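Everything on this sheet refers to the single structure shown next.
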Amino acid sequence: MRYEGNIFRPFSEANSYLLQCTVGCSHNQCTFCGMYKDKRYRERSLAEIMEDIALAKDHYGDLEKVFLCDGDAIALETDMLLAILKKLYQTFPSLRHVGSYVGPQSTLSKSMEELRTLRLAGLTKAYIGVETGDEELLKKVKKGVGYDQMLEAGQNLIAAGINLSAMVLLGLAGKGEASRRHALATAKICNEMKPQYLAALTVTPVPGTVLYRQAQTGEFELLDPFETLVEMKQIMENITADPIKFVGTHASNYLPVTGTLQKDKQKMIAAIDAVLKTGDESRLRPDYMRGL
Ligand code: SF4
């Protein structure tokens with residue numbers, strides 16, 4: 001298979017064929033993100049993408065799941081996305097899932113009719129990096145949109161019938177009151193957006209990023225593992241939307257927690273409390289096992 005540069009995909013797309021439609025991220029400015037810093041954003045040609053689909057057919061035969069890479073495939077023109085989806089479903093008779101990371105700005109550049117057409121054509125799941133509901137923090141980390149736009153992007157995807165996974169970043173605000181503000185605002189945007197999935201990841205300063213430099217100079221203070229758990233708990237406690245599948249098992253997290261809100265809320269909070277009460281670091285995922 002042909003790929004340009006490092007390729008990223010969500011954990012839940014581990015069994016998906018990765019089809020690179022764009023190279024890099026159309027935004028590529030978030031201060032904490034190093035995923036596509038080595039790439040200059042560009043769209044691959046439809047001819048190249050069609051060739052890749054043919055190569056995948058030769059190699060795999062049939063497929064059930066496909067994930068569109070890189071960071072923001074929804075940035076492609078709708079007609080091009082529809083052509084890709086059509087070809088995928090024609091080529092792979094067992095295909096039942098096509099997922100993609102989606103940027104909020106690119107999502108908002110599509111009309112509701114376009115989003116519904118994409119869903120009808122088989123775009124089944126979108127992963128949006130919400131990161132936080134804190135307006136000030138969204139600006140500080142250069143997410144490119146504020147609270148209202150982020151919310152609208154998520155709500156539009158859901159209204160179009162696309163399954164939505166919202167990703168949030170524990171520790172993004174740093175320590176103290178900022179951490180609490182981040183947790184409460186993040187719970188608020190999740191309550192309003194009502195994604196089907198909420199994935200919590202823990203911020204890890206990556207060399208080459210602005211956040212890494214800020215951590216080096218002391219401008220940004222990383223939470224300790226237990227403070228990260230407190231933040232996770234605060235987000236959970238303040239989410240009232242029901243149901244949301246909470247996915248806290250990402251490799252960056254100190255304590256893997258998963259379950260359905262609201263059904264499993266108390267159980268998940270009790271699991272966090274059990275570790276917080278003991279302060280026992282041996283119950284945390286060690287740093288060498290953590291990753292992005
Ligand atoms: S976090 Fe997402 S939107 Fe921001 S630069 Fe990284 S891939 Fe692009």
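In listed order, ligands and their atoms are each counted from 1. If you're wondering where the values come from, they're calculated on a predicted model, not measured in any experiment.
Taking the centre of each ring, F67 and Y101 come in below the 6.0 Å mark. If you look at Y41 and Y36, their ring centroids are not closer than 6.0 Å.
Without hydrogens or angle criteria, D264 side chain to I269 main chain gives no donor-acceptor distance under 3.5 Å. A donor-acceptor pair is defined here as one N or O able to donate and one able to accept, closer than 3.5 Å; such a pair exists between the side chain of D224 and the backbone of E227. Remark: side-chain polar atoms of T278 are paired, donor with acceptor, to backbone N or O of D280 under 3.5 angstrom. Of the possible donor and acceptor atoms, none in the side chain of Y147 sits under 3.5 Å from a partner among the backbone N and O of D134.
Between Y101 and ligand 1 there is no heavy-atom distance shorter than 4.0 Å.
With hydrogens and angles left out, the side-chain atoms of S94 and E64 include no donor and acceptor closer than 3.5 Å.
Residue F32 approaches ligand 1 through these ligand atoms, each under 4.0 Å from one of its heavy atoms: 1 (S). Of all atoms in ligand 1, listed by their number and element, those nearer than 4.0 Å to a heavy atom of Y36 are 7 (S).
Protein N/O/S atoms found under 2.8 Å from atom 4 (Fe) of ligand 1, listed by chain and residue number: C30 SG.
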